[in-house]
Amino acid sequence: MARISELTIQEIHERLDAVYIISEYVRLEKRGNRYWGLCPFHAEKTPSFTVDGERKFYYCFGCHKGGGVVNFIMEMEKLSYPDALEFLARKLGVPVQYDGQEQKGEKDSSLRERQDLLELYQRVAGSFHHILLHTEQGSLGRDYLARRGISQEMIERFRLGYAPRGKTWLYHFLRKKGYSEAFLAKTGLFSRQYPEVSLYHHRLMFPIADRRGTVVAFGGRILEGEGPKYINSPETMLYKKREILFALDVALPAIRSTKEVYLCEGYMDVIALHQAGIENAVAPLGTAFTEEQAHLLHHWADRVLLLFDRDAAGQQATEKAILTCRRAGLGCAVAGYPREKEEEGAVLKDPAEILQNKGIEALQKYVKYTINDFDYLLERARALYDTSRTEGKSPAVAFFFPFLETLSSEVSRESCVNEIADAFGVEKTAILKDFYHRTTQEERQGARNVQRSSRSSTIHLNDEVYLFLTVIAQRQWYPFVRAHLSPDMVEDPRAKELFVSLEECYRLGREDMDSLLEQIQDPLLRDFVLEKTAEGAFSVQPEKIVQDGIRRIQIRHLERQRTTVVTKLKLAQSQSEYSRQDSLEDMLAEIMHIDAEIKRLKDEMA
């Protein structure tokens, strides 16, 4: 495996702007010398995630995750260390060189395969789009979209396409382009049982892109005949369906602007909303809205408006999505109340049907009617359980317990309990008694945080550890420290590990937090370094802290030397035939010299 050169790694770290990179994922606000935002790694409503632009690292005081910019990209993009460096190099315009090569070098096979897959998906998406727009074969797709009321602008915005009827057409097309059989078998475009048969034939194609607009998968809708209505790509090294939302790349500007996002059930619903001017609409890939998708949206949105179908499956998906939103710290409401109806009275179940049957104005009106998530759940409970009967009240009340667990505010929880009691004619105390038999999510998370905090607190912040934490925070002082100290002079084993880690980074020419943390082997010490550095306690009088810290270590080292010499002197004097008189005088002179040095250092500290 080719290794990225140290010169390239240094240039990447030198060019990194932590605030710029991290703000692409988290909304940051400046307070004092730092930037704060809602943590992308756990649900919270009060920002505890901080970015230090000067030192180029992040830390969350809530979940205690932290590190440098490379580590952040590894976490957010689910990349290995080399892949994260490649990712940042492309963003920063840094040419990547590899050890033993003058220029580009040979890439790791997994990275090369990833790049080849990306290129393939762009090519296939472009081919499907061309066939839909400019060939006779694509007329069936164009006719279908016309019947659904989808405009040319939307076809182009979402890069819609058409996969021809021939089951092996795509395979032979790509083989002619030079792709191997082995590579095509890994692309997720073909049947495992019949390697030449495409998953997509005679289907309207929906490219699925990541938030940067890079196509990573496809969805295909059948146009005629039998078969599944929709087929989606299987997961590949590019595509993890739990982490991607359809149309996020298109909707992101509007989401950033409004701080809201409409969450729909399918591709056509999203396109219909965008055509109606509601451009902050996305869809999970399937009806299941995942925690990963919720955390992703929380980077830019404060509230989610759910627009799932009104059938049984859609209502269950709505219930689950409400809980997912609340756990991620997102506000939530259900859009589409009152229900829009056709003239003959039939319920129109989704935005795509409303656009097709009633037009843009009706769809715009439809999404304006919203109901908050708790009121929606009240309606659902009344529909699911007969609360006029005693046996229906207990399951109706228990239906709300998962929702109540997601509420971090006791005031909000009490308000909801009061409404449940009034709605179903149940005593509030009885509801609370049943509810508190359950272990709340907050208690479980709190227990984990307390456990981690107590582990971290076992590290004693003595003056040696304090010195090296200061140097980590004020890296410009390290050359001064290494000129006056050596690791054997340091007593505390954790302080010594910090010293050795700093020395290794110094020799490699790296000053970034990721490189330092990589050198620290003790996981408790890594957490401790992140926590204490993030607290910003080492920025006041760093020169005095460093100089006095060095003197204290030197004094203790001299005192240990003095003890050793005195022991040798006493041993020599106790022997009947001891060494020559000049050896004794040498030892006495050494003790006097040590005493003078100790006095000098103490005077300098006074």
Does a side-chain heavy-atom distance below 4.5 Å link [X] with [Y]?
X: Y81; Y: M74; result: yes
X: F435; Y: E405; result: yes
X: L384; Y: E319; result: yes
X: M154; Y: L145; result: no
X: N71; Y: Y58; result: yes
X: M205; Y: V124; result: no
X: F400; Y: C416; result: no
X: W300; Y: R211; result: yes

Please report the interatomic distance [atom1]([X]) to [atom2]([Y]), rounded to the nearest 0.5 Å.
X: K229; Y: I231; atom1: NZ; atom2: CD1; value: 13.5 Å
X: I278; Y: C264; atom1: CD1; atom2: SG; value: 8.5 Å
X: F128; Y: R123; atom1: CZ; atom2: CZ; value: 13.5 Å
X: E113; Y: L120; atom1: CD; atom2: CG; value: 11.0 Å
X: L263; Y: L305; atom1: CG; atom2: CG; value: 9.5 Å
X: L85; Y: D514; atom1: CG; atom2: CG; value: 8.5 Å

For [X] against [Y], the heavy-atom pair lying closest together:
X: A272; Y: P351; answer: CB-O, 3.9 Å
X: A281; Y: L273; answer: CB-CD1, 3.7 Å
X: L184; Y: F190; answer: O-CD1, 3.5 Å
X: G161; Y: L204; answer: O-CD1, 3.4 Å
X: L330; Y: H298; answer: CD2-CD2, 3.7 Å
X: F87; Y: I73; answer: CD2-CG2, 3.6 Å

Would you call [X] and [Y] a salt bridge, using N to O less than 4.0 angstrom?
X: R382; Y: E379; result: no
X: R165; Y: E224; result: yes
X: R114; Y: E86; result: no
X: D116; Y: K186; result: no
X: K91; Y: E24; result: yes

With a 3.5 Å distance limit and no angle check, can you tell me whether [X] reaches the backbone of [Y] through a side-chain donor-acceptor pair?
X: R413; Y: L404; result: yes
X: R31; Y: Y35; result: no
X: Q275; Y: G149; result: yes
X: E265; Y: L307; result: no
X: H299; Y: L296; result: yes
X: D249; Y: R212; result: no
X: T258; Y: A254; result: yes
X: H129; Y: L160; result: yes
X: K56; Y: L16; result: yes
X: Q364; Y: A276; result: yes

Check: Any side-chain donor-acceptor pair under 3.5 Å between S233 and Y200?
Finding: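 Yes, because at least one side-chain N or O of S233 sits under 3.5 Å from a partner of the opposite role on Y200.
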Margin query: Less than 3.5 Å apart, any donor N or O on the side chain of E119 or Q115 sitting next to an acceptor on the other?
Written below: no
Should we count [atom1] of [X] as having more than 12 external heavy atoms under 6.0 Å?
X: K167; atom1: NZ; answer: no
X: F183; atom1: CZ; answer: yes
X: R192; atom1: CZ; answer: no
X: K240; atom1: NZ; answer: yes
X: K177; atom1: NZ; answer: no

Notebook entry, point to check: Going through the checks in order, is the side-chain contact (heavy atoms from CB on, under 4.5 Å) test met by H202 and L140?
Noted result: CA-CA 9 Å; H202 192 38; L140 280 172; 3.1 Å; yes
Taking the inter-plane angle between the rings of [X] and [Y] on a 0 to 90° scale, is it parallel (under 30°), tilted (30 to 60°) or perpendicular (over 60°)?
X: F61; Y: W36; answer: parallel
X: Y230; Y: F206; answer: tilted
X: Y121; Y: F218; answer: parallel
X: F72; Y: Y25; answer: perpendicular

Notebook entry, point to check: Checking side-chain contact (heavy atoms from CB on, under 4.5 Å) for the pair L297/F289: CA distance, chi angles, key distance, verdict?
Noted result: CA-CA 11 Å; L297 288 176; F289 179 49; 3.9 Å; yes
Note to self: Tell me every residue that passes side chain to side chain donor-acceptor pair (under 3.5 Å) with E196, counting only those two or more places apart in sequence or in another chain.
What the structure shows: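 For E196 there are no side chain to side chain donor-acceptor pair (under 3.5 Å) partners, ignoring immediate neighbours.
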Checklist line | Trace of the side-chain contact (heavy atoms from CB on, under 4.5 Å) decision for Y194 with Y171 | finding: CA-CA 11 Å; Y194 305 103; Y171 179 85; over 6 Å; no
Notebook entry, point to check: Are K259 and R27 close enough, and set up right, to give a side-chain contact (heavy atoms from CB on, under 4.5 Å), and what steps lead you there?
Noted result: CA-CA 11 Å; K259 306 295 188 292; R27 265 200 331 271; 3.5 Å; yes
